[in-house]
Amino acid sequence: MSQNNSQLAALIDLSPSVAEFRASVWAGLAQHQKTIPAKFFYDREGSRLFEEICLTPEYYPTRTEKKLLADVVSEIAGLAGPGRAVLEFGSGAGVKTRALLDRLDAPAAYVPVEISRARLVEVTSELAADYPKIQIAPVCADYTKPFNLPSVAMGVAHWLGFFPGSTIGNFTPPQAVQFLSQVRRMLGTTGLMLIGVDLRKDIAVLNAAYNDAAGVTADFNLNLLTRINRELDGDFDLSQFGHSAFYEPEQGRIEMHLISRRAQSVNVAGRAFDFAADETIHTENSYKYDVDQFRCLAASAGWSHRAVWTDSDRLFSLHLLACE
Ligand SMILES: C[S@@+](CC[C@H](N)C(=O)[O-])C[C@H]1O[C@@H](n2cnc3c(N)ncnc32)[C@H](O)[C@@H]1O
């Protein structure tokens, strides 16, 4: 179980199968508004491109959340108290994880739940080397589906859930309530949950963040078609699809689409799908919330608010929720 004097448990691998990916893509492309779930962005290259997006000047959420977390993490550690185990959803590069693990008082364990297996394996082995005293038990899974916690969880008395990156914004509000309710049951009555939530703001700032000048977000979006071509024997011609992202004010969300540049037919795993010129595949939502809107949403999943912090420009918020 342990490697190199670290306490890294073997990966629990519940990653979606190719059959599940194919079924989702077939079902999504058969809809009137074609759609593919955003969770399929994150193959190895998708994770790499997301991390590159985080470095673009337009993508304010990552640098703002990192700075905000650095400013308030001691306060969070004080509110969390000693010996909490951290259960992180969508851990990605684990940069914010480090900020948290550095300050928490004797964290009992760290359990990242992440769909991108290759990145999860790399990041947890680096974390295990840097945090040899913490038991690390990685789970590769789709966190929207039920999954069992690793055996390390049996001895955990108090959990801290961690969901940074405003990934909660990828859910519709009803889906977010369902997810938060499910997490609340997992974390138990003494559980706390720290969530990063992107705030509503100037539409130009939002639109720029998802349309960076270097085209990294466009590459991230189009990589989904490359993945389908590779894993599902697809024949998408990438030169015939473009990136589109815009703020939709009524829903309060950024929508990301892949837009067909002409009428065309595409095959995926032996099935043909027709596209009209300008028809789109809806690939991601990113909902933005005011502080009070998110407070209400969390309350309808049974959570109470322990604390909320925002940066001085009110771009981003961190919410600490309590089960009771
Ligand atoms: C927006 S990125 C945020 C990454 C990191 N937490 C951060 O704050 O920079 C979303 C992360 O969640 C993972 N992810 C997305 N959907 C997922 C799902 N349904 N189940 C598990 N992981 C998921 C992605 O692979 C990616 O690492």
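Counting starts at 1 for both ligands and their atoms, in listed order.
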Item checked: Minimum-distance protein heavy atom relative to atom 10 (C) of ligand 1 -> Thr167 OG1, 3.5 Å
Notebook entry, point to check: What is the closest protein heavy atom to atom 11 (C) of ligand 1, and at what distance does it sit?
Noted result: Gly90 O, 3.6 Å
Notebook entry, point to check: Considering only the protein, which heavy-atom contact is closest to atom 19 (N) of ligand 1, and what is its distance?
Noted result: Asp142 OD1, 2.9 Å
Checklist line | Closest protein heavy atom (residue, atom, distance) for atom 9 (O) of ligand 1 | finding: Lys96 NZ, 3.2 Å
Notebook entry, point to check: In terms of atom number and element, which parts of ligand 1 are under 4.0 angstrom from non-hydrogen atoms of Gly92?
Noted result: 27 (O)
Note to self: For Trp309 and Leu320: C-alpha separation, side-chain torsions, deciding distance, then whether side-chain contact (heavy atoms from CB on, under 4.5 Å) applies.
What the structure shows: CA-CA 9 Å; Trp309 300 270; Leu320 186 67; 3.9 Å; yes
Note to self: Heavy atom to atom 1 (C) of ligand 1, shortest distance: which of Phe147, Phe50, Phe179 holds it?
What the structure shows: Phe50
Notebook entry, point to check: Taking the six-membered ring where the residue is Trp, are the ring centres of Phe163 and Tyr143 under 6.0 Å apart?
Noted result: yes
Margin query: Does any N or O of ligand 1 fall below 3.5 Å from an N or O anywhere on Ile115, backbone included?
Written below: yes
Check: Which residue owns the protein heavy atom closest to atom 27 (O) of ligand 1, what's the atom, and how far is it?
Finding: Glu114 OE1, 2.7 Å
Item checked: Tyr42 and Phe220 aromatic centres sub-6.0 Å -> yes
Checklist line | Option set Tyr42, Tyr143, Phe40, Phe41, criterion heavy-atom distance to atom 26 (C) of ligand 1, minimum | finding: Tyr42
Notebook entry, point to check: With a cut-off of 4.0 Å, which atoms of ligand 1 are near a heavy atom of Gly165?
Noted result: 8 (O)
Next item on the list: Evaluate the ring planes of His305 and His319, with Trp represented by its six-membered ring, and classify them as parallel (under 30°), tilted (30 to 60°) or perpendicular (over 60°).
Entry: perpendicular
Check: Does Asp130 pair with Arg98 as a salt bridge, N-O distance under 4.0 Å?
Finding: yes
Check: Within the structure, does Thr144 bring an N/O atom to less than 3.5 angstrom of an N/O atom in ligand 1?
Finding: no
Check: Between Lys34 and Phe275, is NZ or CZ placed under 6.0 angstrom from the six-membered ring centre and within 45° of the ring axis?
Finding: yes
Checklist line | Side chain, backbone, both or neither: Ala141 near ligand 1, heavy atoms under 4.0 Å | finding: backbone
Notebook entry, point to check: Would Glu45 and Arg48 satisfy salt bridge (Lys or Arg N to Asp or Glu O under 4.0 Å), going step by step from the backbone distance to the final call?
Noted result: CA-CA 5 Å; Glu45 178 65 359; Arg48 189 194 71 72; 3.0 Å; yes
Next item on the list: Kindly determine whether Glu58 and Thr217 satisfy side-chain contact (heavy atoms from CB on, under 4.5 Å), including the steps that lead there.
Entry: CA-CA 11 Å; Glu58 295 91 341; Thr217 311; over 6 Å; no
